[in-house]
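Both counts, for ligands and for their atoms, begin at 1 and track the order of listing. Owing to the predicted nature of the structure, the values given are computational and were not obtained by experimental measurement.
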Amino acid sequence: MLWVGVGCERGTPRRVIEAAVQQVFRANHLAESAIAQVCTIDLKGDEPGLLEFCRDRTLPLQCFSAVDLRSVTVPNPSAIVEAEVGTPSVAEAAAILGASRQSGADAQVTLRVAKQIFRQAGQPGAVTIAVAQGEREWTGRTGQLWLVGTGPGQLDQMTPAAQTAIAQADVVIGYSLYVDLVRSLLRPGQLVEALPITQERQRATRAIELAQWGMTVAVISSGDCGIYGMAGLVLEELRSQGWDGKTPSVQVFPGISALQSAASRVGAPLMHDFCAISLSDLLTPWEVIEKRLTAAAQADFVIALYNPKSKHRTEQIAIAQHILLQHRAPHTPVALVRSAYRPDEQIILATLATLLDHPIDMLTTVLIGNQSTRFHAGWMVTPRGYLGFEG
Ligand code: SAH
């Protein structure tokens, strides 16, 4: 993208500025459609010809103070200009400053056209033009971060709002398995960045980086993005970067979480007070998880266990079973729901005593009933209330 630095005498008409820009771009084989911004000194922020030129072209006008412009090293400083406005360069310094502010401090900025002065016969005023090139593309839009929950896996279990967000975004970022699940929503020309499951923080940082360039970025999580999903990681990272809450803008699209999709496949196990506990001790100390298991068991919550068991993490589910058995009967109903709403869905009904006899992995959600939960004809039901219950 190109940044056009402009200095002009008071009262220089729009058409003189227009002709000067055209001439510079033609002579240097530059495309006017690549102009990102017009930059000048704040004294010219109300210059009618310059404002009209920018309005006609719908180009943003960026004004800098003399102090900021003075700090830029330019090839053609002028003592006369310095005496007049307090900086030895307006056009060159403004173009370079505009390009470097948008491209980032570490970016390479090149002065493509050194300052040139124009006058037009029969017209008042004079205009100076310089052109700088930034390293990065720049859209001039405010970036948007859409944090999207894609539900358990099947497209028709995703909200229409989430589907529209994925179809409209410039970039879709997510764990490759989840990107595959929404592939039919993608359209040509969209950027898709599918990253391995382990690189969650990198995904968050990358999404923010792209949004800061003005793109609309959909970050996808399975289930709900705000439940053990990417929404928290992205917002945490934004917070650590000193985000102002507005740029990039953020919108969260909810989705059906695993506890809901798993429950729907076996009946109504979550009918009374329930909680979710993740058995992954990657980001949470194990003592905290044990404490929660004990508290939830004592309080008779129905419990949904997320991340119950991985290839390398096999002990936790056995410890959880042990803790729960101290507070609940061995015949307490348990559902093991694997890959709900996906082609390889598997459902097993077991009890607290027998749950370890069945395969459990990272695609499984384990639902553990409360003291009133019962199986009936292959369905798992927790009564709506405790009143009148005869255990
Ligand atoms: N954000 C997700 C949870 C991510 S944590 C959500 O709201 O659902 C990953 C864990 O979610 C898995 O280990 C598994 O316990 C559960 N899970 C995700 N999708 C599932 C599905 N389709 N069926 C069963 N469990 C699932």
* Asked: Atoms of ligand 1 less than 4.0 Å from Val337 heavy atoms?
  -> 24 (C)
* Structure fact -> Per-atom filter on ligand 1: closer than 4.0 angstrom to a heavy atom of Arg342 are 19 (N), 22 (N)
* For Arg10, does the CZ atom have more than 12 heavy-atom neighbours from other residues, nucleotides or ligands under 6.0 Å away? -> yes
* Asked: Which bit of Ser339 is near ligand 1, meaning a heavy atom under 4.0 Å away: side chain, backbone, both or neither?
  -> backbone
* Asked: Are side-chain N/O atoms of Tyr228 and Ser280 paired as donor and acceptor at under 3.5 Å?
  -> no
* To do: Check each atom of ligand 1 against the heavy atoms of Pro308 and keep those under 4.0 Å away; list them by number with element.
  => 15 (O)
* Asked: Are Glu209 and Arg206 ion-paired here, with the side-chain N under 4.0 Å from a carboxylate O?
  -> yes
* **Tyr306 near ligand 1 by a heavy-atom separation under 4.0 Å** => yes
* Sidechain N-carboxylate O distance under 4.0 Å for Arg70, Glu82 -> yes
* Asked: Which part of Glu345 is near ligand 1, with near meaning a heavy atom under 4.0 Å away: side chain, backbone, both or neither?
  -> neither
* **Minimum-distance protein heavy atom relative to atom 15 (O) of ligand 1** => Thr364 O, 2.7 Å
* Taking non-hydrogen atoms only, is Ala258 closer than 4.0 angstrom to ligand 1 via side chain, backbone, both or neither? -> both
* Say whether Tyr175 and Ser222, considering side chains only, have a donor N or O and an acceptor N or O under 3.5 Å apart. => no
* **More than 12 heavy atoms from other groups under 6.0 Å of CZ on Arg57** => yes
* Structure fact -> Tightest non-hydrogen contact, residues Val81 and Thr87, listed as CG1-O, 3.3 Å
* Does ligand 1 have an atom under 4.0 Å from some heavy atom of Gly226? -> no
* Asked: Is any N or O atom of Ala340, backbone or side chain, closer than 3.5 Å to an N or O atom of ligand 1?
  -> yes
* Short list, please: which atoms of ligand 1 are under 4.0 Å from a heavy atom of Thr365? -> 14 (C), 15 (O), 16 (C), 17 (N), 24 (C), 25 (N), 26 (C)
* Asked: So which heavy atom in the protein is nearest atom 24 (C) of ligand 1, and how far is it from that ligand atom?
  -> Leu363 O, 3.2 Å
* Does a side chain donor of either Thr364 or Asp361 reach within less than 3.5 Å of an acceptor in the other side chain? -> yes
* Which protein heavy atom lies closest to atom 3 (C) of ligand 1, and at what distance to 0.1 Å? -> Ile227 O, 3.6 Å
* Within 6.0 Å of CZ in Arg313, more than 12 heavy atoms from elsewhere -> yes
* To do: Going by heavy-atom distance to atom 10 (C) of ligand 1, choose the closest among Val366, Asn307, Leu177, Leu336.
  => Asn307
* Short list, please: which atoms of ligand 1 are under 4.0 Å from a heavy atom of Tyr228? -> 1 (N), 4 (C), 5 (S)
* Protein residue, atom and distance nearest to atom 12 (C) of ligand 1, heavy-atom basis -> Met362 O, 2.9 Å
* Asked: Are the side chain of Gln346 and the backbone of Val337 linked by a donor-acceptor contact shorter than 3.5 Å?
  -> no
* To do: Flag the pair Glu47 / Cys8 as yes when at least one side-chain heavy-atom distance between them is below 4.5 Å, and no otherwise.
  => yes
* Taking only heavy atoms of Ser257 into account, list the atoms of ligand 1 that are under 4.0 Å away from them. => 6 (C), 7 (O), 8 (O)
* Thr382 vs Phe274 side-chain heavy atoms within contact, under 4.5 Å -> no
* Is ligand 1 less than 4.0 angstrom away from at least one heavy atom of Ser222? -> yes
* Which bit of Leu259 gets closer than 4.0 Å to ligand 1, counting heavy atoms only: side chain, backbone, both or neither? -> neither
* Asked: Any N or O on Ser261 sitting closer than 3.5 Å to an N or O of ligand 1?
  -> no
